Amino acid sequence: MTPPESADGNAHEFSVSEISFALKRTVEETFGHVRVRGEITGYRGPHSSGHCYFGLKDDKARIDAVVWRGAFGKLRFKPEEGMEVIATGKLTTYPGSSKYQIVIEHLEPAGVGALMALLEERRRKLGAEGLFAPERKRPLPFLPDVIGVVTSPTGAVIRDILHRLQDRFPRRVIVWPVRVQGETSAAEVAAAIRGFNAMEKGGALPRPDVLIVARGGGSIEDLWPFNEEIVVRAAAASEIPLISAVGHETDTTLIDFAADRRAPTPTAAAEMAVPVRSDLIADVSDKGTRLMRGERRLVEDCRTRLSGLSRGLPRLADLVALPRQRFDNAADKLGRALVRATEVKGAAFHRIEDRLSDRPIRQKIETGRKALPQLLERLSRAETRHLGDLARRLDGTGKLLESYSYHGVLKRGYAVVRDAEGKPVRTAAGQNAGDVLDIEFADGRLGAVVAQGGAPKPQPKKAARKDGGKQGNLL
């Protein structure tokens, strides 16, 4: 840009913004899209806005770099500190700080060596967390009912697995379709592993007993999604035993270390998952035959041993001859012993017969009969005394009760006044004109009505009723 000269010959004056945006247009029009190779430095992860800022450097220079949020989500490889990469993007300037920078649209590691170094660094990091520890490995079920497969539904891998399962031992297979290559592959594989584990046992869709994560062979870039941390952590956290079958036998990914078993190929994974049905049938048949033969041999051996032992046993008549003779002798002795015992007991009874008499008993009865009248007389006197004591106590208690009763007070000329509810009235205050009162005298009860001003209103005189305390009606 050639600045016009002013009338006095001085250079044209530019504002700071004019200079900054002129430089911005010059850089963008001159360079456009470029590929820059360098080492990532100053990487601190995506900003809260989703944009990513870092620098690219070599041994002599450094350039600022920015990855906008939309482009960051599409990167196959996420930036990491110290990683050597090839960045493709557009050069521009940032007028706010007079810096030039590259806006990265595509990012890839600088060669296989860089990827292997990154892979080794990630393997050491995850291994230090214990994700690859042998004690975390779980045994595979001998014969799973349901097998879950995480792979592409359109590739040859799923066909190989289904074909091999059909040949060995047909099982129910549930396929979780995912992309096994590309920007979203790692997230889809991790989500599939977590999804299988989230299934409930006995639900509408059966929960798999074993998982197979499979993919065919490819370059290290193609297999890179299975090296991502999100996939490795999902495999390590899986409660369902997991078989890794990614790539060919010579390919190694980090999911192989986190899985419970690694299969060299997807076909080999199917072979690990189930046994050979025909081999099982043959093995069961062979074991059944061997069991029957062994049983027959055991019976024959037992029969032979029993026959040999029986020949060494004496005859039954010889075994019971001596006990039978002892029994006969004991039977003869028992009869004689019973007769002898009877005679001895009879003689002993005759010896004490004269000493047996009912005289002591009769004397004791006669003594008790003579003492009975005296005891009855004593009982009668004691009863009379006891009843007299009770009568005196009852009379004293009655007199005490009468002294406490208010009826004695009434006999001395006093009266008891009660209201309509039968409660005693102790003062004139609180009584209103027209209130009904009940007055109890010693010889009966009268009714009265309170007159105006609190004085009782005279009532026609009626004879008091002596009917046990029932009130007469004077109203």
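Note that this is a predicted model, so its numbers are computed, not measured. By convention here, the first residue in the shown sequence is residue 1. Only heavy atoms go into these numbers, but all of them, side chains included; no hydrogens, no water, no symmetry mates.
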Colleague: Between E377 and Q374, is any pair of side-chain heavy atoms under 4.5 Å apart?
Modeller: no
Colleague: Under 3.5 Å, is there a donor-acceptor pair between the side chain of R215 and the main chain of V180?
Modeller: yes
Colleague: Once you measure the plane-to-plane angle for F257 and F132, does it fall in the parallel (<30°), tilted (30-60°) or perpendicular (>60°) bin?
Modeller: tilted
Colleague: Tell me whether D251 contacts the main-chain N or O of H248 through its side chain, where contact means a donor paired with an acceptor under 3.5 Å.
Modeller: yes
Colleague: Main chain of E239, side chain of R138: is a donor-acceptor contact present, judged purely on distance under 3.5 Å?
Modeller: yes
Colleague: Is there side-chain contact between P275 and L143, with heavy atoms separated by less than 4.5 Å?
Modeller: yes
Colleague: Is it true that, when you exclude R62 itself, more than 12 heavy atoms of the residues, nucleotides or ligands shown sit nearer than 6.0 Å to its CZ?
Modeller: yes
Colleague: Taking the side chain as every heavy atom from C-beta outward, state whether L107 and V67 have any pair of such atoms under 4.5 Å apart.
Modeller: no
Colleague: First locate atom CG of L23, then atom OG1 of T93, and finally report the distance between them rounded to the nearest 0.5 Å.
Modeller: 6.5 Å
Colleague: Check this for me: does any side-chain nitrogen of one of E129 and K125 sit under 4.0 Å from a carboxylate oxygen of the other?
Modeller: no
Colleague: Heavy atoms only: give me the nearest R262-E249 pair and the separation to one decimal.
Modeller: NH2-O, 3.1 Å
Colleague: Please tell me if the side chains of P144 and P208 come closer than 4.5 Å, counting only heavy atoms from C-beta onward.
Modeller: no
Colleague: Check whether any side-chain heavy atom of W224 lies under 4.5 Å from a side-chain heavy atom of S185, and answer yes or no.
Modeller: no
Colleague: Check whether any side-chain N or O of E39 sits under 3.5 Å from a backbone N or O of V85 as a donor-acceptor pair, and report yes or no.
Modeller: no
Colleague: Using every non-hydrogen atom in the two residues, find where R179 and V189 come nearest and quote the distance to one decimal.
Modeller: O-CG2, 4.2 Å
Colleague: For R311 and S307, which I'm curious about, is there any donor-acceptor pair between the side chains at under 3.5 Å?
Modeller: yes
Colleague: For the pair D260 (side chain) and L242 (backbone), establish whether a donor and an acceptor sit closer than 3.5 Å, ignoring hydrogens and angles.
Modeller: yes
Colleague: Could you tell me whether the side chain of D160 and the main chain of T267 form a donor-acceptor pair under 3.5 Å?
Modeller: no
Colleague: Show me the side-chain donor-acceptor pairs of residues 287-299 shorter than 3.5 Å, one per line, residues at least two apart or across chains.
Modeller:
from	atom 1	to	atom 2	distance (Å)
K287	NZ	D283	OD1	2.7
K287	NZ	D283	OD2	2.8
T289	OG1	S285	O	3.0

Colleague: In plain terms, say whether K90 and E105 are close enough for a salt bridge, that is, a side-chain N and a carboxylate O under 4.0 Å apart.
Modeller: no
Colleague: State, with a plain yes or no, whether a side-chain heavy atom of R171 is found less than 4.5 Å away from one of D145.
Modeller: yes
Colleague: With rounding to the nearest 0.5 angstrom, report the NZ to CD1 distance, K364 to I361.
Modeller: 9.0 Å
Colleague: Does the pair R122/E228 count as a salt bridge with the N-to-O cut at 4.0 Å?
Modeller: yes
Colleague: So, are E29 and R25 salt-bridged, with charged N and O less than 4.0 Å apart?
Modeller: no
Colleague: Does this structure show an ion pair linking D209 with R207, if we count only N-O contacts that are shorter than 4.0 Å?
Modeller: no
Colleague: Return yes if a side-chain donor-acceptor contact under 3.5 Å exists between D222 and S219, otherwise no.
Modeller: yes
Colleague: Does R340 CZ have over 12 foreign heavy atoms under 6.0 Å away?
Modeller: no
